[in-house]
Amino acid sequence: METVAENRCFGGVQGVYTHSSTATGTDMTFGLFLPEEAQDGPVPILWYLSGLTCTHENAMVKAGAQAWAAEQGIALVFPDTSPRGEGVPNDDAYDLGQGAGFYVNATQSPWSANFKMWDYIAEELPALLGENFPVDLERQSITGHSMGGHGALTLAMTLKGRFRSVSAFSPICNPAGSDWGRKQLTAYLGSDESKWATHDSSLLMAEHGFDGPVLIDTGTDDQFMELLKPETLSQAMAGKRQEGQFRMQKGYDHSYFFVSTFIEDHIAFHADALYA
């Protein structure tokens, strides 16, 4: 692992690091904010998974999350959204290939060689963080935006007991029934739709739910509403009698202006679970 940058930030340190990934077969970059309390021992950790076209940097510089994480004494990790580099498969469309890993393990050529983002987020990166930084892997929560909201929800509901809480900003709620999903799941996992269900948060919620609190925020003026399908997740949460909140925020869109407006709420929400 190599240090790209470390900057003093709200009493803590915002770092950027690269490492060779066995999951993706490429070098991967991630951001990690450690609050001041990390100088005295391991701190709880909140994962932030980003959306289509993003790198580790988007949320790190646009969400305004570090101030609130510092206040709560929580570490923040900002992974990349896909493998990158020469020889890594890509597509001319912005919503497939590099920058659009969808947090799945691809099984179809040419993606299967590198696009193992599920293994990277679920196994490899947590182990790397635990070995090299003062983070408490017994106290983890997860959030994300758009494609990252999809990833956060599916990881949380599948990895039982891993995360104490889950939240999402404008998540892709029903990729198996949306053009933001059917295209990518076909490319990465093949045309057998039965293999898609484990990567659809609405289907997972209806079947399993989540053993902890859930917070979902979507803007009423989100320009991608028909692709996100928030009503599918809302109905699934109600049907499962899931502990949580599903909020439609009047006048907000899909941008980081929206995310930064409500990031304080989300970090406070996770802090309640992480320090319970």
Side-chain angles (χ1 to χ4, degrees), residues 1 12-15 17 19 21 23 28 30-50 56 59-60 63 65-66 68-81 101 103-105 116-145 147-169 171 198-199 201 204-205 208-216 242-244 263-276:
M1 190 179 66
V13 175
Q14 176 62 64
Y17 309 92
H19 69 103
S21 168
M28 296 292 290
F30 65 93
L32 178 67
F33 170 74
L34 290 172
E36 188 173 12
E37 289 85 347
Q39 297 176 26
D40 301 318
V43 294
I45 185 166
L46 175 61
W47 293 76
Y48 185 105
L49 305 187
S50 289
H56 69 281
M60 190 179 79
Q66 291 90 340
W68 308 113
E71 186 174 282
Q72 301 287 355
I74 293 171
L76 297 169
V77 60
F78 304 98
D80 203 346
T81 54
Y103 304 102
V104 303
N105 283 341
K116 304 290 187 183
M117 288 302 295
W118 181 277
D119 283 351
Y120 179 70
I121 299 296
E123 304 298 337
E124 184 175 14
L125 189 52
L128 183 73
L129 295 174
E131 292 169 3
N132 292 279
F133 300 98
V135 295
D136 183 356
L137 296 180
E138 295 300 314
R139 292 185 292 166
Q140 298 186 66
S141 291
I142 191 166
T143 188
H145 175 227
M147 179 186 73
H150 140 79
L153 288 162
T154 56
L155 283 156
M157 284 187 277
T158 302
L159 302 176
K160 301 294 187 182
R162 172 76 63 90
F163 301 105
R164 295 193 179 187
S165 52
V166 60
S167 74
F169 301 88
T198 55
H199 297 287
S201 62
L204 287 171
M205 179 61 70
H208 302 293
F210 175 67
D211 186 20
V214 177
L215 173 61
I216 308 295
Q242 171 68 46
E243 173 192 4
I263 193 71
E264 178 185 6
D265 286 1
H266 284 243
I267 290 177
F269 162 79
H270 291 296
D272 285 345
L274 291 167
Y275 285 107

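- Note on residues 135-144: pairs passing salt bridge (Lys or Arg N to Asp or Glu O under 4.0 Å), not counting sequence neighbours, are D136-R139.
- A 4.5 Å side-chain heavy-atom check between H150 and H199 finds at least one atom pair inside the cut-off.
- The two residues A75 and V135 make their nearest non-hydrogen contact at CB-CG1, 4.1 Å.
- Judged by distance alone, with hydrogens and angles left aside, the side-chain atoms of R164 form a donor-acceptor pair with the main-chain N or O of L274 at under 3.5 Å.
- For the atom pair I121 CD1 and Y103 OH, the distance stands at 6.0 Å (nearest 0.5 Å).
- Panel note: side chain E124, backbone A23; a donor-acceptor pair is recorded below 3.5 Å.
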Side-chain donor-acceptor pairs under 3.5 Å in residues 36-50, sequence neighbours left out?
residue	atom	partner	partner atom	Å
W47	NE1	Q140	OE1	2.8
Y48	OH	Y256	OH	3.1

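- G151 and T154 make their closest contact through O-OG1, 3.1 Å (heavy atoms, listed as atom of the first residue, atom of the second, distance).
- Residues satisfying the side chain to side chain donor-acceptor pair (under 3.5 Å) test with H270, not counting sequence neighbours, are S165, S167.
- To the nearest 0.5 Å, the span separating CE on M157 from CD on Q242 amounts to 8.0 Å.
- Side-chain contact between L153 and F210 is absent, with no heavy atoms from C-beta onward closer than 4.5 Å.
- Counting heavy atoms from C-beta on, the side chains of D80 and Y120 never come closer than 4.5 Å.
- When all heavy atoms of G73 and P35 are compared, the pair lying nearest together is C-CG, 3.6 Å.
- Scanning both residues, L137 and P126, for their nearest heavy atoms gives CD1-O, 3.5 Å.
- Checked by atom type and distance alone, the side chain of Q66 never pairs as donor or acceptor with a backbone atom of L34 at under 3.5 Å.
- Judged by distance alone, the side chain of Y275 and the main-chain N or O of Q72 form a donor-acceptor pair under 3.5 Å.
- Residues Y17 and H56 form no side-chain contact, since every pair of their non-hydrogen atoms from C-beta on lies 4.5 Å or further apart.
- Here the side chain of D211 pairs no donor or acceptor atom with the backbone of K160 at under 3.5 angstrom.
- The distance from the CE atom of M60 to the CG atom of L76 is 11.0 Å, given to the nearest 0.5 Å.
- Rounded to the nearest 0.5 angstrom, I142 CD1 and F163 CZ are separated by 4.0 Å.
- In this structure, the side chains of M28 and M117 come closer than 4.5 Å at one or more pairs of heavy atoms.
- By the 4.5 Å heavy-atom criterion applied to side chains, T158 and W118 are counted as neighbours.
- You'll find the side chain of F30 reaches within 4.5 Å of the side chain of H19, heavy atoms only.
- Under a 3.5 Å cut-off, the side chain of R162 and the backbone N or O of A122 do form a donor-acceptor pair.
- In plain terms, the two heavy atoms of T143 and F169 that are nearest each other are OG1-CE1, 3.8 Å.
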